[in-house]
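The structure under discussion appears below in the form of structure tokens.
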There are 2 protein chains.
Amino acid sequence: MARSPIWRSIAAELEGEIARGLYRAGDKLPTEAELSLRFGVNRHTARRALADLAARDLVHSRRGAGVFVKAAPLDYPIGERVRFSQNLRASGRLPEKRVLRIETRPADRAEATALALPEGAEVIVYEGLSLAEAMPVAHFISCFPAARFPGLAATLTEVSSVTQALKANGIEDYTRAHTRLTAEAATPTQALHLAMREGAPLLRAEGVNVDPAGQPVEYGLTWFAGDRVALTVSSEDGSAQAQTGAQPSSP
Amino acid sequence: MARSPIWRSIAAELEGEIARGLYRAGDKLPTEAELSLRFGVNRHTARRALADLAARDLVHSRRGAGVFVKAAPLDYPIGERVRFSQNLRASGRLPEKRVLRIETRPADRAEATALALPEGAEVIVYEGLSLAEAMPVAHFISCFPAARFPGLAATLTEVSSVTQALKANGIEDYTRAHTRLTAEAATPTQALHLAMREGAPLLRAEGVNVDPAGQPVEYGLTWFAGDRVALTVSSEDGSAQAQTGAQPSSP
DNA sequence: CATGATTTGTCTAGTTGTATAGAGACCTAG
DNA sequence: CTAGGTCTCTATACAACTAGACAAATCATG
């Protein structure tokens, strides 16, 4: 497994910036010292990257003067990574779903504290995949207090929507009290479910939904495929538009 | 009863010396050659011990440079309230920073559209690392319209804080118009900067800050180390805060 | 034009990462 | 007991990167 050397990725990055017009023909690149600082490598490693660009006639260097751009490469592939954009507040409410598991069992500590239940109280566990245009985009696990919603497990087998299922069990409205976001690597089973490579980056959202009285009704974990989904947060009220479509990627 | 391998005892010995403060966070361990001499084993055996320490996040190695201690192991839980914390609305206000680059150059398409500038207009680019307790936790790149803030590049070299720098350039207040969150794999250079493995999961936040008149003043990208940071979003105002600390549980 | 600071070019030395090959100990199936 | 496999460790070689020093060309400034 020969990993590609660092200088190669540095060269690729610089090539991309030249291609995007950040440095145009005739422009002077940052000095070797500056580049080594920016990329966190030794000057010699930065030099190696520059030598690669010079060998491909993209730049040329003049001793004492600097490194200058010769020509911009025409085609630099800019892959589009994120295809779906999803409002954070509505996360976990994607329309199409595939149920993986519905069961009732005692809560573990995290679930019990999140739902304000005594440890060991029964919870309904709802695990599944969220799909968009037939592509899996997220893997979720939701927990509900079983004592409060005796019929919920049965309801969920019919309507996969959490909102509808809760409505059928007496919860007209609920709000998200708190969300915690971080990034994790995909486990082997998650990779399988989401059609990704093992270890691929996932956006993990952990949250609690509460009823109007402030009582927790759902504790949910959702892992979004990092290359397919972006969550948006608007400053107004958290109600951003959920949009589908190609989004250009950044540096 | 499987006899424990030699490398395990070597690792334990080194771990003990780290715990006793013989080597403190950031210190360089003896070279592999020296360790192999000291313990009377082959260099690969010493490497195996170091690999074990690295897998447990006690040390990390930099090719060509050496092996360095990451954090004091025992009583330094980067705890729940070792609170470096950060409001996403003012992303770029984390306590300690290390500047990687400050330069002025033409904007690429993403930067131009985010800042509502014509393509090719000059932008000031501010790239750096955010540190907490001497450990890097995030890598950020911010762009500002150069025409509007002629002195900003100079200001940033003195005060690393974006808020203060903008204040010194006439922006008393600004708000975050929009945030976009996703997960990405660490690039080789990001992995270097953040002392992670290549491909490790990063939480990427992309956002635009606007002045009270609604004019964009900053376009920022931040990559948080997924294993060190979680963003919390409260339902009230849609703002997000970053905090280091307690690791979320797994499924 | 002269000087000093900056910048690239080159050299030497040291350190970690990776690949290959092999010896010996240990375990297990037959 | 034997044969074959895995695990641990040794040995060697090379690649990739860091570190520092100095020389040579250039540029800015007076």
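None of these values were measured; they are calculated from a predicted model.
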(request) Using the side chain to side chain donor-acceptor pair (under 3.5 Å) rule, take B/E122 and B/T104 through it: C-alpha gap first, then chi angles, then the decisive distance, then the call. (result) CA-CA 6 Å; B/E122 296 273 304; B/T104 305; 5.5 Å; no
(message) Let's see if you can work this out: which of C/dT16, C/dT8, D/dT26 has an atom nearest to the side-chain heavy atoms of B/E32?
(response)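 Side chain of B/E32 sits closest to C/dT16.
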(message) Taking the nucleotide of DNA chain D with the nearest heavy atom to each, does A/A65 or A/I6 sit closer to the 5' end?
(response)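 Comparing both residues, the 5'-ward one is A/I6.
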(message) Between A/L58 and A/K70, does the side-chain contact (heavy atoms from CB on, under 4.5 Å) criterion hold? Intermediate values first, please.
(response) CA-CA 5 Å; A/L58 295 179; A/K70 272 184 116 166; 5.9 Å; no
Which whole-number value in Å describes the distance from [X] [atom1] to [N] [atom2]?
X	N	atom1	atom2	value
A/L29	C/dT8	CG	C1'	13 Å
B/I10	D/dT10	CD1	C1'	13 Å
B/E34	C/dT16	CD	P	8 Å
B/L53	C/dT16	CG	P	14 Å
B/F68	C/dT15	CZ	P	11 Å
A/R62	D/dT26	CZ	C1'	8 Å
B/R8	D/dC7	CZ	C1'	13 Å

(request) For A/E111, check side chain to side chain contact (heavy atoms under 4.5 Å, CB included) against everything at least two apart and list the hits. (result)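 In terms of side chain to side chain contact (heavy atoms under 4.5 Å, CB included), with neighbours along the sequence ignored, A/E111 is linked to A/R105, A/A107, A/D108, A/V123, A/C143, A/Y219.
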(message) Once side chain to side chain contact (heavy atoms under 4.5 Å, CB included) is applied, do any residues pair with A/E127, and if so which ones, sequence neighbours excluded?
(response)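 A/E127 satisfies side chain to side chain contact (heavy atoms under 4.5 Å, CB included) with A/L100, A/R101, A/H139, A/I141 only.
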(message) If the cut-off is 4.0 Å, is A/W7 near the phosphate of D/dA16, judged by side-chain N/O to OP1 or OP2?
(response)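 No, because none of the side-chain N or O atoms of A/W7 sits under 4.0 Å from OP1 or OP2 of D/dA16.
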(message) Check the phosphate of C/dT10 against A/R63, side-chain N and O only, distance under 4.0 Å to OP1 or OP2. Yes or no?
(response)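 So the side chain of A/R63 is outside the cut-off, no N or O lying under 4.0 Å from OP1 or OP2 of C/dT10.
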(request) Using a cut-off of strictly less than 4.0 Å between a heavy atom of the residue and any atom of DNA chain C, enumerate the qualifying residues of residues 35-51 of chain B by number. (result)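 Within this stretch, B/R43, B/H44, B/R47 sit under 4.0 Å of the strand.
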Distances for protein N or O near nucleotides 3-6 of chain C N or O, under 3.5 Å:
none

(request) To the nearest 0.5 angstrom, please state how far the CZ atom of B/R47 sits from the CD1 atom of B/I10. (result)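 Output value for this atom pair is 13.5 Å.
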(request) First locate atom OH of B/Y23, then atom NZ of B/K28, and finally report the distance between them rounded to the nearest 0.5 Å. (result)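 One finds 10.0 Å between OH of B/Y23 and NZ of B/K28.
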(message) So which atom in B/P145 and which in B/V217 form the shortest heavy-atom distance, rounded to 0.1 Å?
(response)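 Minimum heavy-atom contact is CD-O, 3.4 Å.
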(request) Look at B/E17 together with B/R38 and state whether they make a salt bridge at an N to O cut-off of under 4.0 Å. (result)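 Yes, B/E17 and B/R38 are salt-bridged.
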(message) With a sphere of 6.0 Å drawn around CZ of B/R109, does it hold more than 12 non-hydrogen atoms of other residues, nucleotides or ligands?
(response)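 Count not over threshold, so no.
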(request) Identify, with sequence neighbours excluded, every residue that meets salt bridge (charged side-chain N to carboxylate O under 4.0 Å, His left out) alongside B/R197. (result)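 Salt bridge (charged side-chain N to carboxylate O under 4.0 Å, His left out) list for B/R197, sorted by chain: empty.
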(request) With the side chain counted from C-beta on, respond yes when A/V67 and A/H60 share a heavy-atom pair under 4.5 Å apart, and no when they do not. (result)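 A/V67 vs A/H60: side chains apart.
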Quick one: which protein N/O atoms are closer than 3.5 Å to N/O atoms of nucleotides 28-30 of chain D? Pair and distance per line, please.
none

